[in-house]
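Comments concern the structure below.
Remember, it's a predicted structure, so these values are computed and weren't measured experimentally. The chain is numbered in sequence order, starting from 1.
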Amino acid sequence: MSAAADRANRYDIVIVGGGVVGASLACALAHHEHAAQLQVALVEPGPAPTLYRGEQFDPRVVALTRQSQQFLDSLGAWSAIQAQRVCPYTRMFVWDGEGTASIEFNSREFREENLGHIVENAVVLCALLDRLAACSRVSLLRGRKVEQVQEGLPATGDRLTLVLDDGERLESSLVLAADGGNSKIRQLLGMETREWDYDQDAIVTTVRSENSHNFTAWQRFMHTGPLAFLPLQGGAGDSYFSSIVWSLDRNRVPALMAMDDASFAEALGAAFEHKLGKITDVAKRFSFPLRQCHASDYVRPGFALVGDAAHTIHPLAGQGVNLGLLDAEALAGEIERALQRGIPLSDYSLLRRYQRRRKGANLGMMALMEGFKRLFGSRDPGLHLARNMGVRQVNNLPALKKVLARRAMGLGR
């Protein structure tokens with residue numbers, strides 16, 4: 001491992017992107033015996049996250065699997081998350097909005113306490129940042145952007161240099177990009193991607209409903225895109241708030257975004273078939289385009305892509321953050337393994353091992369979500385009939401449902 005001679009601008013590892021994935025990666029490094037001795041910089045251009053209170057919720061939420069929960073718990077962050085606001089969901093109800101078939105998962109069927117947790121993004125991030133504040137060898141450089149990448153020759157011991165927007169230069173043996181789907185690092189390095197636009201946007205907001213969500217994650221599939229109601233828990237166990245993700249053909253979104261709250265609530269309730277009664281309140285709405293993107297390679301000498309910088313996925317199953325957390329856990333583990341064996345950070349085999357562990361798994365999940373998207377988005381009458389029959393059959397096969405549920409929870413079989 002290299003010694004950081006000048007701690008102001010020389011580091012062993014620089015992580016670009018201080019969101020949930022980047023912060024969890026920094027935290028994971030700090031919790032490994034050997035990696036904890038490294039000097040790490042976490043570069044984040046955005047402001048510090050703010051926790052929402054009362055009846056206000058972060059419009060960005062994450063659906064954490066049991067596997068993600070276990071990873072966050074290993075970092076000492078899960079107890080802090082629970083001390084804020086989390087909403088466990090015990091049921092999942094999915095139905096075909098163009099037909100009659102539906103499938104329901106209930107945690108009691110699988111002798112599990114719950115199927116997962118819906119958590120506000122800011123809650124997860126604040127818990128991770130609190131853990132990092134106690135890590136003396138991790139430096140958070142907030143409000144800073146990377147403008148240039150100057151590559152050395154890591155295999156020969158040369159260091160890499162990042163130039164920030166204020167002119168400061170950061171030297172490092174290894175640069176890890178967790179800077180999102182529009183990764184600046186990926187673009188500066190010219191790393192190739194395979195991507196396509198769905199010609200859809202997603203509308204996200206928080207709503208209050210007439211009836212309780214009953215700690216159920218609801219999803220209606222339509223040929224225009226899926227609509228998800230994810231349960232939130234307010235003060236004193238209030239179970240009437242939900243975070244919605246409504247995926248729609250792009251030409252329909254402007255009209256819905258321009259509606260007043262009452263009109264939007266009416267349109268949303270109709271699209272949801274009023275499963276929770278009337279929508280009584282709607283928070284500020286946001287929309288974003290839906291694209292799928294996958295880097296041809298996650299790594300090159302001295303660099304690795306993590307989370308959305310390596311892969312973005314359709315939000316229909318809420319797997320994006322979970323895949324990113326698995327990336328972070330795997331990469332931190334490979335770095336620790338290399339240090340235990342005296343392998344320098346500049347050794348490319350370290351990064352290749354990380355890519356082998358994660359690329360196939362990510363591609364498999366992306367293919368599965370793409371298959372669901374195409375299956376339920378089809379207007380073909382024959383496929384429509386087969387789809388309804390298939391969903392009904394799965395719902396009547398407890399063994400298969402258990403396999404699907406445990407995989408969704410990140411627990412394998």
If you round to the nearest 0.5 Å, how far is [atom2] of [Y] from [atom1] of [X]?
X: L256; Y: I203; atom1: CG; atom2: CD1; value: 4.5 Å
X: L170; Y: Q150; atom1: CG; atom2: CD; value: 11.0 Å
X: N114; Y: N106; atom1: CG; atom2: CG; value: 11.0 Å
X: Q219; Y: I103; atom1: CD; atom2: CD1; value: 12.0 Å
X: L174; Y: L351; atom1: CG; atom2: CG; value: 5.5 Å
X: K275; Y: S242; atom1: NZ; atom2: OG; value: 14.0 Å

Go through the side-chain N and O atoms of [X] and [Y] and say whether any donor and acceptor fall under 3.5 Å apart.
X: N362; Y: D327; answer: yes
X: D249; Y: Q200; answer: yes
X: Q67; Y: T65; answer: no
X: S68; Y: N322; answer: yes
X: E273; Y: W95; answer: yes
X: T216; Y: N214; answer: no

Please check if the side chain of [X] supplies one atom and the backbone of [Y] the other of a donor-acceptor pair under 3.5 Å.
X: D297; Y: V299; answer: no
X: Q292; Y: I313; answer: no
X: R142; Y: P47; answer: yes
X: Q39; Y: Y11; answer: no
X: S243; Y: L230; answer: no
X: R159; Y: E171; answer: yes
X: S24; Y: V21; answer: yes

Please examine the side chains of [Y] and [X], heavy atoms only from C-beta on, and report whether any two atoms are closer than 4.5 Å.
X: Q69; Y: H117; answer: yes
X: R144; Y: E44; answer: no
X: R352; Y: R357; answer: no
X: L129; Y: P49; answer: yes
X: L38; Y: L345; answer: yes
X: D281; Y: V207; answer: no
X: V20; Y: N121; answer: yes
X: V149; Y: L189; answer: yes

[X], [atom1] atom: more than 12 neighbouring heavy atoms under 6.0 Å:
X: E266; atom1: CD; value: no
X: E147; atom1: CD; value: yes
X: F264; atom1: CZ; value: yes
X: K184; atom1: NZ; value: yes
X: R60; atom1: CZ; value: no
X: D73; atom1: CG; value: yes

Any salt bridge between [X] and [Y], counting N to O under 4.0 Å?
X: R285; Y: D261; answer: yes
X: R208; Y: D238; answer: yes
X: E120; Y: R85; answer: yes
X: R66; Y: E112; answer: yes
X: R186; Y: D179; answer: no

- Item | Candidate pair R131 and H31, rule side-chain hydrogen bond (donor to acceptor under 3.5 Å, both in side chains), full reasoning | CA-CA 10 Å; R131 296 297 298 166; H31 279 75; 3.2 Å; yes
- Assess the pair H213 and F215: is the distance between their ring centroids shorter than 6.0 Å?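 Yes, the ring centres sit under 6.0 Å apart.
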- Message: Tell me if the aromatic rings of H294 and W196 count as close, with their centers under 6.0 Å from one another.
- Response: no
- N211 and S209: side-chain hydrogen bond (donor to acceptor under 3.5 Å, both in side chains), yes or no, with the steps? CA-CA 5 Å; N211 300 324; S209 55; over 6 Å; no
